[in-house]
Protein chains: 2
Amino acid sequence: MTDYKDSSGKRLTDYPRPSVAVDTAVLTVSDGQLCVALIETGGGRHRLPGTFLHEAETLADAVRRSLKDKAGIRGLAPTQLHVFDALDRDDRGWVLSVAHSVVVRAASLVGVSVRPVDDATGLAYDHDEIVRLAVARLRDDYRAGPDPFGLLGEHFTLNELQRLHEAIDSKTPRRDTFRRSMVSKLEETGALQIGTVGKPARLFRRIALRDSLR
Amino acid sequence: MTDYKDSSGKRLTDYPRPSVAVDTAVLTVSDGQLCVALIETGGGRHRLPGTFLHEAETLADAVRRSLKDKAGIRGLAPTQLHVFDALDRDDRGWVLSVAHSVVVRAASLVGVSVRPVDDATGLAYDHDEIVRLAVARLRDDYRAGPDPFGLLGEHFTLNELQRLHEAIDSKTPRRDTFRRSMVSKLEETGALQIGTVGKPARLFRRIALRDSLR
DNA sequence: CGAATAGTGTCTCTCAGACACTATTAT
DNA sequence: ATAATAGTGTCTGAGAGACACTATTCG
């Protein structure tokens with residue numbers, strides 16, 4: 001297979017090939033704030049987790065591999081964001097970086113530095129830009145429907161849902177508008193929340209989880 | 001630079017590297033229809049124009065280079081769509097393809113086969129999917145504002161603008177609604193169209209062209 | 001009871017869409 | 001005048017947002 005020749009009689013491997021990396025904005029909501037996981041490099045700078053693509057590996061697999069070390073994360077569906085290809089973006093050589101984002105529960109992130117996205121500036125390479133893209137995409141996704149990445153558990157109240165959406169986007173509408181825009185996209189479980197002050201809230205369930213590729 | 005070693009003491013070139021290609025959906029409006037440029041391969045199949053990335057070349061430059069042959073096209077701002085990375089997508093070997101789209105005037109496309117996007121199915125590789133993505137993105141862009149890619153000349157009437165938008169998306173609203181949604185995003189030139197039947201139409205101008213990266 | 005939270009009735013404003021009317025040209 | 005196209009007044013309905021009211025629990 002590797003000595004297959006193309007239309008101009010060249011082997012594929014005769015073409016110059018860039019190194020290909022993946023860099024991933026790992027987003028989570030912690031303490032009511034939208035946060036991103038950062039790694040400390042030498043020199044006090046921070047960067048996103050990433051790795052070089054291995055042989056015969058898909059981009060999504062490389063993302064998952066690069067994150068397995070940092071935290072025991074499973075079942076991730078990375079979202080592809082953009083390819084960064086500036087020739088001088090990495091002084092080690094010619095490297096294409098395929099930016100991704102993943103969304104995880106805060107509890108999954110152990111032993112990683114987590115910082116609110118607004119404070120995550122001055123990162124290495126073009127990682128500031130990746131965070132911007134990842135956050136914008138996430139806000140679009142959450143504007144479109146209730147917790148599309150399943151950060152909440154199986155059942156949740158509208159209050160819990162709204163607090164999550166507010167952490168992700170402060171411009172989330174207020175209680176009544178939020179409720180009316182979400183109920184139609186949720187399923188009622190019939191159960192009520194217990195052990196709380198005030199009128200017990202109904203528990204809802206997502207109708208379906210979003211799938212990965214877009 | 002190429003013998004710079006990374007944190008684990010490896011040269012960048014010690015990592016396996018995929019071949020990287022670009023494939024581009026060249027979209028145009030011809031005869032009131034949204035069309036895409038196709039290339040005939042051997043075996044009666046069709047594909048999108050593409051090429052392998054050359055050494056020290058950006059993706060956008062590779063796209064422009066791959067299209068310069070097919071048609072004298074200049075000043076293009078390719079839009080990056082998605083990286084296709086299935087391991088078996090190219091039987092010549094391990095190839096990542098970065099899908100792009102560009103929008104050109106029909107007159108620019110000489111000596112290329114142009115086909116309405118709805119008929120452009122059964123293409124080689126994952127090119128059907130690329131066309132789908134490119135068309136969806138283009139429709140989103142045109143829904144957001146008047147002729148964002150400048151397919152019309154410098155000045156145009158609202159009728160001309162609407163016919164263009166209708167070619168791109170048949171669900172374009174009708175005359176009055178279309179006008180009201182667009183005028184606020186246009187500048188009046190003060191001039192009128194001449195040599196036509198009926199009340200002469202005002203000529204408008206785009207306020208600004210969109211820029212490329214997203 | 002009061003405090004606290006859940007849930008809803010309803011008003012307003014905006015905007016898209018539809019329809020019909022007026023305006024201005026050529027023939 | 002008639003045909004043809006441009007442009008606008010206005011009604012309707014849907015939906016977002018704001019406000020205030022009712023509902024149900026705990027202590």
Side-chain angles (χ1 to χ4, degrees), chain A residues 29 31-32 139-148 151-207, chain B residues 29 31-32 139-148 151-207:
Chain A
V29 171
D31 215 11
R139 289 193 173 137
D140 285 347
D141 289 337
Y142 272 78
R143 216 169 291 125
D147 188 19
L151 283 175
L152 297 173
E154 172 114 22
H155 308 306
F156 47 85
T157 67
L158 274 165
N159 201 339
E160 290 163 346
L161 182 67
Q162 181 167 18
R163 277 203 292 269
L164 171 64
H165 280 248
E166 275 166 350
I168 288 167
D169 187 351
S170 63
K171 285 191 281 296
T172 299
R174 59 178 70 183
R175 223 163 48 89
D176 44 6
T177 306
F178 181 79
R179 161 179 289 269
R180 277 187 258 253
S181 72
M182 290 298 175
V183 276
S184 59
K185 298 164 182 162
L186 291 170
E187 213 173 62
E188 232 179 306
T189 64
L192 298 177
Q193 194 182 36
I194 53 172
T196 54
V197 189
K199 177 171 173 175
R202 299 183 211 174
L203 288 168
F204 292 85
R205 192 198 342 253
R206 256 179 311 283
I207 291 175
Chain B
V29 172
D31 213 10
R139 290 193 173 138
D140 285 346
D141 290 338
Y142 272 78
R143 217 170 290 125
D147 189 20
L151 283 176
L152 297 173
E154 173 115 22
H155 309 306
F156 47 85
T157 67
L158 275 165
N159 200 338
E160 290 164 346
L161 182 67
Q162 182 168 17
R163 276 202 292 267
L164 171 63
H165 280 247
E166 277 167 349
I168 288 166
D169 187 351
S170 63
K171 284 189 283 294
T172 300
R174 60 177 72 182
R175 223 163 48 89
D176 44 5
T177 305
F178 182 78
R179 160 179 289 270
R180 278 186 257 253
S181 72
M182 290 299 174
V183 276
S184 59
K185 297 164 183 164
L186 291 171
E187 213 173 63
E188 234 180 304
T189 64
L192 297 178
Q193 193 182 36
I194 53 171
T196 53
V197 189
K199 177 171 173 176
R202 299 184 212 174
L203 288 169
F204 292 85
R205 192 195 345 251
R206 254 178 313 283
I207 291 175

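Order of the sequence lines sets the chain letters (A, B, ...), proteins ahead of strands, with each chain counted from 1. Since the model is a prediction, treat every value here as computed from it, not as a measurement.
- Taking a 4.0 Å limit (strictly below) on heavy-atom distances, residues 194-203 of chain A reaches DNA chain C at V197(A), G198(A), K199(A), P200(A), A201(A), R202(A).
- Interface limits on DNA chain D: the 5'-most and 3'-most nucleotides within less than 4.0 Å of chain B heavy atoms are dA4(D) to dT10(D).
- Atom pair Q162(A):CD and dT5(C):P shows a separation of 13 Å (rounding to whole Å applied).
- The side-chain heavy atoms of L186(A) and F156(A), taken from C-beta on, include a pair separated by under 4.5 Å.
- Side-chain contact between I168(B) and D141(B) is absent, with no heavy atoms from C-beta onward closer than 4.5 Å.
- In this structure, E160(B) and T157(B) have side chains that are in contact, with non-hydrogen atoms separated by less than 4.5 Å.
- Using a 4.5 Å cut-off on side-chain heavy atoms (C-beta onward), D176(A) and R174(A) make contact.
- Counting atom types as modelled, R180(A) pairs a side-chain N or O with a base atom of dT10(C) as donor and acceptor under 3.5 Å.
- Here the side chains of T172(A) and Y142(A) are not in contact, with every heavy-atom distance at 4.5 Å or above.
- Counting only heavy atoms from C-beta outward, the side chains of L192(A) and L203(A) never approach each other to under 4.5 Å.
- Here the shortest heavy-atom pairing between R205(B) and H155(B) reads NH1-CE1, 3.6 Å.
- Along DNA chain C, the nucleotide nearest Q193(A) and the nucleotide nearest R175(B) are compared for position; the residue whose nucleotide lies closer to the 5' end is Q193(A).
- Contact of the Q162(A) side chain with the L158(A) side chain is not registered, since no non-hydrogen atoms from C-beta on lie closer than 4.5 Å.
- Whole-Å rounding puts the R179(B) CZ to dG17(C) P distance at 16 Å.
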